[in-house]
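Some notes on the structure that comes next.
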Amino acid sequence: MAGAARALSARLREVSGLLAVRYGRPGICAHETDPVRNLVLTILSQNTTDANRDRAYDRLVKRYPTLPALAAARPAELEEAIRVGGLAKAKAKSILGALARIREERGGYSLDFLRGMPLPEAREYLTSFPGVGVKTANILLLFSFGMPAFPVDTHVLRVTKRLGLVPGTSTLAKAALFLEPHVGTGDHGPLHLNLIRLGREVCRPRNPLCAECPLLAVCPEGARNMKGKGRRKCSL
Ligand code: SF4
């Protein structure tokens with residue numbers, strides 16, 4: 001077991017290094033750093049594109065510039081403001097429910113108390129909000145608090161399955177919790193962001209561009225895809 005854990009850590013280090021050679025080590029991302037605003041943003045990001053999430057968030061901020069104003073929003077008006085991001089009714093409910101609970105429990109709109117909590121407890125607290133799953137919680141913990149949380153979205157899940165880093169039956173949450181302890185110190189953010197970029201640009205859902213992939217040498221699925229083909233073309 002310890003050997004398997006060491007091997008997984010080593011593979012993740014190797015993958016991270018190869019991606020950093022291609023893409024560098026991104027240190028920032030578009031996410032808000034204020035934890036409560038980040039929570040709102042990550043709720044808006046569910047089941048939509050980054051572009052539509054950002055449009056929904058921009059409209060929300062324009063209409064409700066402060067957190068107290070947002071918390072006091074009428075559900076139907078908030079839904080209207082964020083409609084472009086999809087699932088507006090559910091997201092408006094999650095946002096208003098989360099703000100009301102934070103206000104009630106903390107006496108204001110702050111999640112700073114999470115900073116001093118162990119990661120599993122902080123995650124458990126966040127995932128106790130309706131509409132907040134492990135991915136959303138991990139994004140917030142990583143980008144707002146700098147905790148070593150590892151968010152797994154659909155791109156990261158697809159790539160790590162193809163690399164054989166997680167079982168083929170893994171869900172987003174299971175893969176995140178499985179990989180997280182094995183990602184190197186300081187690598188959670190860069191590896192997360194670089195895997196997303198690889199998943200968008202190269203390891204696409206259909207017709208991954210294995211011949212152009214910086215991970216081809218360490219990818220079992222890439223090797224299968226390339227069998228009998230030249231280095232120029234790859235398709236599933
Ligand atoms: S080699 Fe192919 S399957 Fe493997 S990570 Fe790269 S693009 Fe994806």
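Nothing fancy with the numbering, it's 1 onward along the sequence. Whatever order the structure lists them in is the order used to number ligands and atoms, beginning at 1.
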Going by the side chain to side chain donor-acceptor pair (under 3.5 Å) test, which pairs reach into residues 64-81, not counting sequence neighbours? E80-R83
For the hydrophobic clusters of this structure (ILVMFWY residues joined by side-chain heavy atoms under 4.5 Å, transitively), does one cluster hold both V134 and F143? no
Contact list for residues 84-93, test side chain to side chain donor-acceptor pair (under 3.5 Å), sequence neighbours left out: none
Any N, O or S atom of C210 closer than 2.8 Å to atom 2 (Fe) of ligand 1: yes
Does NZ or CZ of R123 lie under 6.0 Å from the centre of the six-membered ring of F145, at an angle within 45° of the ring axis? no
For ligand 1, which atoms, with element, lie under 4.0 Å from some heavy atom of C219? 1 (S), 3 (S), 4 (Fe), 5 (S)
Output the list of atoms in ligand 1 that are nearer than 4.0 Å to some heavy atom of C213, sorted by atom number. 1 (S), 5 (S), 6 (Fe), 7 (S)
